[in-house]
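The next block holds one structure in the form of structure tokens; read it before the comments.
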Amino acid sequence: MEVYLDNNATTMVDPKVFEEMKPFFTQKYGNPNSLHRFGAGVHPKMMEALNYLYEGIGASDEDDIIITANATEANNWILKSTWIDKILNGNKKQIITSEVEHPTITATCRFLQTQGVDVVFLQVNDEGIISAKSVEDAITKDTALVSIMWANNETGKIFPIKEIGKICKDKGVLFHSDATQAIGKVLVDVRDFNVDFLSFSAHKFHGPKGVGGLYIKEGLELTPLLHGGEQMGGKRAGTVDVASLVGMGYAMHLATNKEALAYENTFVKSLRDKLENEILKIPDTLLIGGAKNRTPNTSLISIKGVEGEAMLWDLNQNFIGASTGSACASEDLEANPVMSAIGNDSELAHTGIRFSLSRFNTKEEITYATQKILTAIKRLRGISSSYAYTPKNHKSQL
Ligand code: C6P
């Protein structure tokens, strides 16, 4: 059996999404900007896809959703355009973010620091989130933008977006949220939550890779990301990848309708909880960030005495895919950054393992994976130089 438990890294394209995309490779391949029937022929499905995107995130018709290559691009764009528009060409100086954002935010902010931007990295509490109050306290008259993720990719912890949105609105500060890990898992509604800009990536919700979006609230202007043609209202020039847009729109529709969210929060959550509870019965294991306010598919667990990478190796041998954290940092063998930010020492921060499920996982897979994980813990603790068995911690179902 093969079990994929790394859905925060990427997801399988839903076969229904793939079917929707197929005609746009060899049959409906016209350039949407061409005036002939081949070009015009792709418009209805593009419009349908865009409507699904607007509906999926609660945008209104006057708002903009610009199709990007992914969330990385959307995150870079909003931060760098803020720098150009509000700091270089305006009278603002500061960007507020958190220390546990995805590297597409933190690395971009560090670059902006080298350009003289004052970046405030808010510290997280022991649950791995920041409070709305800390945002309120950090805002000054110099603040150009607040950028806080909707849900964390490592822990699944959900940030107080509604409260932060209200604070930013009341104080007249622009608010961006990276919703890459939230869409399809919890309700994302930009209008209701007072979000001005929102980033997302289709491959996190069973759409294709290489396509994402930046939501821009009505009336807000950004320096274009790519100059050239008139595509995307001139904000991001370049021929639109129609197949990807169609796929992303349909994936959004399938992932964000009421029933889909309910399924995620019942079935997927029950599988995640089953897996998690079995692991947490073992002594010296810890759920990072705690159980409250999390996306229903994610679990970051520290297993004392078990190096995350060693665990991954054992699981891989058993055809199980998980991760020690963010996929884009998985090659540098660094300690888990969120665990470090929460205050775990380096040794413990190397013991984190992230399981992230999806609606395509089954009960049988979870039963199989649980058994293999328990066996791996026993084996790895048995050869660990840093973990000594005591009668107390040995007394378990291992
Ligand atoms: N996180 C993870 O394993 P792209 O690669 O552009 O589609 O998505 C980037 C991105 C942005 N924000 C958040 C919150 C994310 O989780 C990610 C992708 C993956 O956690 C791959 S590094």
Side-chain angles (χ1 to χ4, degrees), residues 4-13 53 57 66-80 97-110 121 124 128-130 147-159 161 176-186 188 195 197-215 225 236 241 244-245 247-248 251-252 255 288-289 294-295 297-300 308-309 312 321-339 341 352-358:
Y4 185 69
L5 300 176
D6 199 12
N7 287 277
N8 285 7
T10 195
T11 60
M12 178 183 92
V13 172
L53 296 180
I57 62 168
I66 307 295
I67 307 308
T68 61
N70 44 37
T72 300
E73 183 182 307
N75 285 345
N76 269 262
W77 185 15
I78 181 59
L79 292 170
K80 289 173 184 165
T97 188
S98 85
E99 58 178 346
V100 296
E101 300 293 311
H102 187 269
T104 50
I105 295 287
T106 52
T108 310
C109 281
R110 274 190 214 105
F121 290 98
V124 292
I129 56 169
I130 54 144
S147 177
I148 301 291
M149 67 200 326
W150 204 294
N152 184 265
N153 49 310
E154 319 251 4
T155 57
K157 294 294 283 192
I158 298 165
F159 285 69
I161 297 301
H176 165 253
S177 184
D178 175 2
T180 306
Q181 297 289 351
I183 287 174
K185 295 167 192 161
V186 293
V188 170
V195 173
F197 308 101
L198 186 102
S199 310
F200 55 90
S201 243
H203 72 106
K204 307 290 188 187
F205 50 89
H206 302 290
K209 292 174 187 56
V211 63
L214 181 67
Y215 160 84
L225 177 68
R236 185 188 185 266
D241 178 344
S244 293
L245 168 55
M248 174 160 71
M252 177 74 90
I288 304 303
R294 263 184 312 159
T295 48
N297 77 320
T298 307
S299 192
L300 178 63
E309 275 79 24
L312 288 192
S323 69
T324 51
S326 175
C328 40
S330 60
E331 278 168 25
D332 52 21
L333 303 186
E334 299 244 321
N336 183 295
V338 179
M339 289 177 68
I353 178 136
R354 178 182 76 176
F355 301 103
S356 50
L357 283 65
S358 87

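The figures here come from the full heavy-atom set of this structure, side chains too, leaving out hydrogens, waters and symmetry mates. Note that ligands are numbered from 1 as they come in the structure, with each ligand's atoms numbered from 1 the same way.
For the side chain to side chain donor-acceptor pair (under 3.5 Å) with Ser199, the qualifying choice from His102, Glu73, His176 is His176, the only one to do so.
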- Message: Run Ile161 and Ile148 through side-chain contact (heavy atoms from CB on, under 4.5 Å) and show every step you take.
- Response: CA-CA 8 Å; Ile161 297 301; Ile148 301 291; 4.3 Å; yes
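One option in Glu101, Glu154, His203, Lys204 has a heavy atom closer to atom 19 (C) of ligand 1 than any other, and that option is Lys204. In the candidate list Ala69, Ala71, Ala202, Ala71 is nearest to atom 8 (O) of ligand 1, counting heavy atoms.
Residue Gln181 approaches ligand 1 through these ligand atoms, each under 4.0 Å from one of its heavy atoms: 1 (N), 14 (C), 15 (C), 16 (O), 20 (O). Within ligand 1, counting atoms from 1 as listed, the ones closer than 4.0 Å to a heavy atom of Thr104 are 11 (C). Listed by number with element, the atoms of ligand 1 under 4.0 Å from a non-hydrogen atom of Arg354 are 2 (C), 3 (O), 20 (O). Proximity to Thr72 (heavy-atom distance under 4.0 Å) selects the following atoms of ligand 1: 4 (P), 5 (O), 6 (O), 9 (C). The atoms of ligand 1 that sit less than 4.0 Å from any heavy atom of Asp178 are 11 (C), 12 (N), 13 (C), 14 (C). Residue contact check: Asn153 has heavy atoms under 4.0 Å from atoms 16 (O), 20 (O) of ligand 1.
Under 4.0 Å from ligand 1, the heavy atoms of Ser201 that appear belong solely to its side chain.
In this model, a donor atom of one side chain and an acceptor atom of the other lie less than 3.5 Å apart for Thr298 and Asn8.
Going from atom CZ of Phe200 over to atom CH2 of Trp150 covers 12.0 Å, rounded to the nearest 0.5 Å. The OG1 atom of Thr180 sits 8.5 Å away from atom CG of Asn153, with the distance rounded to the nearest 0.5 Å. Note that the OG1 atom of Thr104 and the CG atom of Asn70 stand 8.5 Å from one another [nearest 0.5 Å].
When atom types are taken as modelled, the side chain of Glu99 and the backbone of Val124 share a donor-acceptor pair closer than 3.5 angstrom.
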